[in-house]
Enquirer: 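Pasting a structure below so you can have a look.
Chain letters run A, B, ... following the sequence lines, proteins first, then strands; residues in each count from 1.
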Amino acid sequence: MSVHNEEIAAAFDEMADLLAIQGGNPFRIRAYQQAAQVVRGLPHELSGMTGPDEYQELPGIGADLAGKIAELVRTGELRALAQLRRQVPAGLRELLALPGLGPVRVRALRSGLRIRNGADLKRALAAGRLARLRGFGPALEARLRVALAGAGERAAKRPLRTVAAQFAEPLRAYLKSVPGVSEVEIAGSYRRGRDTVGDLDVLVGARTAAATLKALRAYSDLRTLTAAGTTKATGVLRNGMQVDIRVVAPQSFGAALHYFTGSRDHNIHMRRRAQELGCKLSEYGLFRGGKRVAGASEVQLLEALGLRWIAPELREDRGEIEAAEAGALPELIERADLEGDLHVHTDASDGRDTLAAMVEAARQHGLRYVAITDHAQHLGIVHGLDAARLARQADAIDALNEQLDDIVVLKGAEVDILEDGRLALPDAVLARLDVAVIAIHGHFDKSEAEQTARVLRALERPYVSILAHPSGRLLGERAPCALDFERIIAAARARGCCLEVNGQPNRLDLDDLHVKAARDAGVLLSLASDSHSAEQFAYLDCAVLQARRGWARRQDVLNTRPLAELRTLLGAARR
DNA sequence: GCCGTTTTCGGCCCGACTGTTTTCAGTCG
């Protein structure tokens with residue numbers, strides 16, 4: 001396997017951009033964009049499928065695109081794209097990313113001023129040449145100057161959802177207190193539970209919009225207001241996040257909430273569905289012949305479209321609409337389903353709090369069991385436990401369990417996968433643990449073949465229960481390791497080993513697509529906080545959200561099981 | 001370029017806002 005879905009999706013996105021710059025058929029362009037999204041959302045690699053016939057079964061992939069996928073899988077290249085690249089200067093594509101520049105204006109820049117890239121545009125702006133072009137005025141010029149000046153530092157990271165929450169929740173509370181406001185929801189990717197959130201889509205239910213928009217202007221965390229109309233406004237918060245606020249009347253609130261929750265592809269699919277039913281769907285409601293037939297609530301809206309309730313976490317147009325129609329949506333796991341947490345650190349390794357404090361925190365978070373999984377000693381792991389300290393911790397756990405009657409402490413360790421795939425503790429030591437969690441903590445940049453072989457070798461060891469944060473990614477900091485997840489999942493399945501959904505907000509690893517793939521393959525998931533201090537058990541919520549995005553049900557998760565069943569399952573994994 | 005219990009041709013999601021216009025195109029979400 002060489003070509004990944006992401007590369008195929010990127011090729012289609014580039015095709016779409018280049019065709020747009022050339023002034024191609026907008027619907028053809030849209031077809032490429034949609035295909036890119038479909039490919040991105042697949043839970044398995046296209047290169048592992050049999051070929052064009054199977055590709056064509058995917059929505060939005062017809063004979064032509066199936067052929068192009070086949071070409072990419074076979075050769076890693078796409079001739080049609082290479083040809084377009086020869087026709088369109090590479091620098092023009094960057095211009096599309098500038099605010100206010102779409103394909104039409106980029107084309108005008110090219111044909112009218114011979115502009116080929118950002119540097120050309122800068123020069124043209126400096127010389128005041130843009131004014132000659134139709135469609136370019138002083139306001140747009142000013143916007144472009146600002147954007148080009150900040151282009152160097154523009155790589156602003158998408159904030160983690162937990163960071164976005166620190167700004168979203170106070171804003172929600174503030175708007176809720178505005179007179180006349182009946183409802184406030186943070187919609188968009190925030191509501192869908194994505195790991196990172198680009199901007200805040202805030203929906204306000206109120207009979208009139210004026211009071212809300214006035215209140216927004218006065219909000220202390222607002223840095224600037226960049227646009228404001230009669231029903232919506234856009235601003236930038238002090239942390240640099242963009243916030244889009246929209247005010248709708250109560251009878252439209254459900255339709256608007258659905259619309260602003262998205263995703264974009266989910267919305268488009270739903271609007272097509274409405275059309276097929278002879279209706280029109282907008283943020284104001286579902287209309288049949290100009291008459292509103294639904295709109296006040298999402299439930300009512302979905303019902304009118306012949307669909308069961310679709311949880312926001314599923315709205316990515318990855319088959320949830322078809323499943324809702326068939327009544328085949330999964331009943332998603334909830335936080336209350338969790339009985340325990342199988343990945344927790346104490347001050348014995350790199351955690352902040354004592355064993356007793358962590359167990360007490362687990363108890364207060366409603367858990368019935370908790371596995372203490374401090375790092376095993378290994379080069380590069382600070383304060384890791386060796387066999388002797390692990391044995392002493394085991395004694396302390398035994399003593400603690402004597403005193404506790406409503407929670408059970410399990411003995412575990414987080415064992416490093418060494419560079420060659422061996423483990424940092426010998427089998428004899430692992431054999432005495434209740435839970436052995438293994439993970440990669442270094443050598444992240446190996447080739448896919450090497451990295452996969454390394455993890456597969458570790459998974460072959462006996463007494464291994466859970467592969468923790470499998471991809472090793474750190475959001476915004478470190479890309480996921482190159483791993484053949486289909487083989488990892490197959491190995492985990494064959495062996496009865498679980499894959500972790502790590503709830504640390506900057507990990508959320510497995511990601512949603514791999515959760516789905518693991519779940520579909522029948523691999524049990526371990527939803528873990530990976531707590532390094534008492535308050536971090538709250539990160540179980542993040543793990544649950546991520547698991548829900550991957551369609552996980554209660555029965556797909558190891559630590560929803562009562563202790564006795566958990567022990568049986570862990571025992572089975574030791575073979 | 002895709003797609004079809006309306007269609008194999010003729011459609012393709014919908015609306016707000018801005019800026020550049022002098023009635024609306026382009027961009028954005």
Side-chain angles (χ1 to χ4, degrees), chain A residues 12 15-16 19-21 23-38 55-69 80 95-109 130-144 147 187-190 192 197-203 209 213 225-235 242-248 252 255-256 258-287 295 305-306 317 321 325:
Chain A
F12 287 169
M15 287 287 299
L19 286 168
I21 292 170
N25 176 353
F27 299 107
R28 184 176 171 219
I29 292 160
R30 175 71 200 144
Y32 277 105
Q33 287 167 341
Q34 198 173 336
Q37 278 306 103
V38 166
Y55 305 148
Q56 271 199 73
E57 289 172 19
L58 296 169
I61 308 289
D64 182 273
L65 287 176
K68 289 193 165 70
I69 292 172
L95 298 185
L96 277 181
L98 293 172
L101 287 192
V104 175
R105 289 188 181 130
V106 167
R107 205 157 54 246
L109 288 171
L130 257 59
R132 290 188 225 152
L133 291 180
R134 190 181 168 77
F136 287 80
L140 182 56
E141 276 187 41
R143 239 172 126 193
L144 289 174
S189 53
Y190 184 81
R192 299 202 309 280
V197 175
D199 53 22
L200 295 177
D201 294 301
V202 183
L203 183 66
L213 297 180
L225 203 63
T226 48
T230 54
T231 65
K232 71 185 236 188
T234 299
Q242 180 172 312
V243 52
D244 294 313
I245 294 206
R246 182 75 178 265
V247 186
V248 297
S252 293
H258 176 265
Y259 170 64
F260 280 100
T261 298
S263 63
R264 179 189 158 87
D265 291 320
H266 173 91
N267 284 350
I268 290 173
H269 192 154
M270 290 289 272
R271 286 177 172 189
R272 261 204 317 268
R273 179 178 179 86
Q275 280 187 327
E276 285 161 14
L277 297 170
C279 297
K280 187 187 70 165
L281 176 61
S282 76
E283 59 264 50
Y284 296 107
L286 182 69
F287 298 87
L305 287 166
D317 197 22
I321 294 172
E325 181 173 22

Enquirer: For a 4.0 angstrom threshold against heavy atoms of chain A, report the outermost contacting nucleotides of DNA chain B in 5' to 3' order.
Expert: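 Counting from the 5' end, contacts occupy B/dG1 to B/dG29.
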Enquirer: Can you tell if the side chain of A/Met270 reaches within under 4.5 Å of the side chain of A/Leu305, non-hydrogen atoms only?
Expert: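 Answer yes - side chains close enough.
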Enquirer: Would you indicate what A/Ala63 reaches in the nucleic acid, counting non-hydrogen atoms under 4.0 angstrom: base, sugar-phosphate, or nothing?
Expert: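 It contacts sugar-phosphate atoms only.
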Enquirer: Say whether, by atom type as modelled, one donor and one acceptor occur between the side chain of A/Asn267 and the main chain of A/Tyr259 under 3.5 angstrom.
Expert: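 Checking the backbone N and O of A/Tyr259 against the side chain of A/Asn267, a donor-acceptor pair under 3.5 Å is found.
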Enquirer: When all nucleic acid strands are considered with a 4.0 Å heavy-atom cut-off, which category describes A/Arg246: base, sugar-phosphate, or nothing?
Expert: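 Contact class for A/Arg246: sugar-phosphate only.
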Enquirer: With A/Ser282, which residues qualify under side-chain hydrogen bond (donor to acceptor under 3.5 Å, both in side chains), at least two apart?
Expert: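 side-chain hydrogen bond (donor to acceptor under 3.5 Å, both in side chains) check on A/Ser282 returns nothing, list empty.
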Enquirer: Which value, in whole Å, describes the distance between the P atoms of nucleotides B/dA25 and B/dT21?
Expert: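 That atom pair is separated by 13 Å.
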Enquirer: Under 4.0 Å, counting only non-hydrogen atoms across every strand here, what does A/Asp199 touch: a base, just sugar-phosphate, or nothing?
Expert: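 No contact.
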Enquirer: Strictly distance-based, threshold 3.5 Å: is any side-chain N or O of A/Thr226 a donor or acceptor partner for the main-chain N or O of A/Thr234?
Expert: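 Indeed, once roles are kept as given, a pair shorter than 3.5 Å links the two residues.
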Enquirer: Looking only at atom C1', what distance separates B/dC13 and B/dC3, rounded to whole Å?
Expert: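 One C1' to the other, the span is 16 Å.
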Enquirer: How is A/Arg264 classified with respect to the nucleic acid when contacts are heavy atoms under 4.0 Å: base, sugar-phosphate, or nothing?
Expert: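 Base contact - A/Arg264 has a heavy atom under 4.0 Å of at least one base atom.
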Enquirer: When both hydrogen-bonding distances must be under 3.5 Å and the geometry is Watson-Crick or G-U wobble, what is B/dC24 paired with, if anything?
Expert: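 Check on B/dC24: paired to B/dG19, both distances under 3.5 Å.
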Enquirer: Using the six-membered ring wherever Trp is involved, compare the ring planes of A/His258 and A/His266 and label them parallel, tilted or perpendicular (cut-offs 30° and 60°).
Expert: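 If you compare the ring of A/His258 with that of A/His266, the planes turn out tilted.
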Enquirer: When we call it a touch if two heavy atoms are under 4.0 Å apart, what does A/Pro26 touch: a base, just sugar-phosphate, or nothing?
Expert: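 Since no nucleic acid heavy atom lies under 4.0 Å of A/Pro26, the category is nothing.
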Enquirer: Base, sugar-phosphate or nothing for A/Thr234? Non-hydrogen atoms, less than 4.0 Å.
Expert: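 If one applies the 4.0 Å heavy-atom cut-off, A/Thr234 turns out to touch nothing in the nucleic acid.
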Enquirer: For B/dC17 and B/dG11, measure between their P atoms and round to the nearest Å.
Expert: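 Taking atom P in both B/dC17 and B/dG11, they lie 30 Å apart.
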Enquirer: Using a heavy-atom cut-off of under 4.0 Å over every strand shown, decide if A/Ile29 touches base, sugar-phosphate, or nothing.
Expert: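 Result for A/Ile29 = nothing.
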Enquirer: Quantified in whole Å, what is the P atom distance between nucleotide B/dT23 and nucleotide B/dC28?
Expert: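 It works out to 25 Å between them.
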Enquirer: Can you check the distance between B/dT20 and B/dC14, where both ends of the measurement are the C1' atom (answer in whole Å)?
Expert: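 Between the two C1' atoms, the distance is 23 Å.
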Enquirer: Looking for any heavy atom pair under 4.0 Å, which part of the strands does A/Gln34 touch: base, sugar-phosphate only, or nothing?
Expert: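 Answer is nothing: A/Gln34 stays at 4.0 Å or more from every strand.
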Enquirer: Give A/Tyr284 one of three labels, base, sugar-phosphate or nothing, depending on what nucleic acid heavy atoms sit under 4.0 Å from its own.
Expert: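 A/Tyr284: backbone/sugar contact only, no base atoms under 4.0 Å.
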Enquirer: Output a table of donor-acceptor pairs, distance under 3.5 Å, between side-chain atoms of residues 98-108 of chain A and any protein atom two or more places apart or on a different chain; print 'none' if there are none.
Expert:
from, atom 1, to, atom 2, distance (Å)
A/Arg105, NE, A/Gly135, O, 3.4
A/Arg105, NH1, A/Gly100, O, 2.8
A/Arg107, NH1, A/Ala20, O, 3.1

Enquirer: Using the P atoms only, state how far B/dC2 lies from B/dT6, rounded to an integer number of Å.
Expert: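 About 23 Å, rounded to a whole number of Å.
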Enquirer: In whole Å, measure the gap between the P atoms of B/dG4 and B/dT8 for me.
Expert: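 Per the computed distance, 13 Å lies between those P atoms.
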Enquirer: For A/Ala274, answer base if it contacts any base atom (sugar-phosphate contacts may also be present), sugar-phosphate if it contacts only those atoms, and nothing otherwise; contact means non-hydrogen atoms under 4.0 Å.
Expert: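 It contacts nothing in the nucleic acid.
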Enquirer: Side chain of A/Arg271, backbone of A/Leu281: donor and acceptor closer than 3.5 Å?
Expert: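 The answer is yes, because a donor-acceptor pair under 3.5 Å joins these two groups.
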Enquirer: For B/dT7 and B/dC12, measure between their C1' atoms and round to the nearest Å.
Expert: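 That atom pair is separated by 13 Å.
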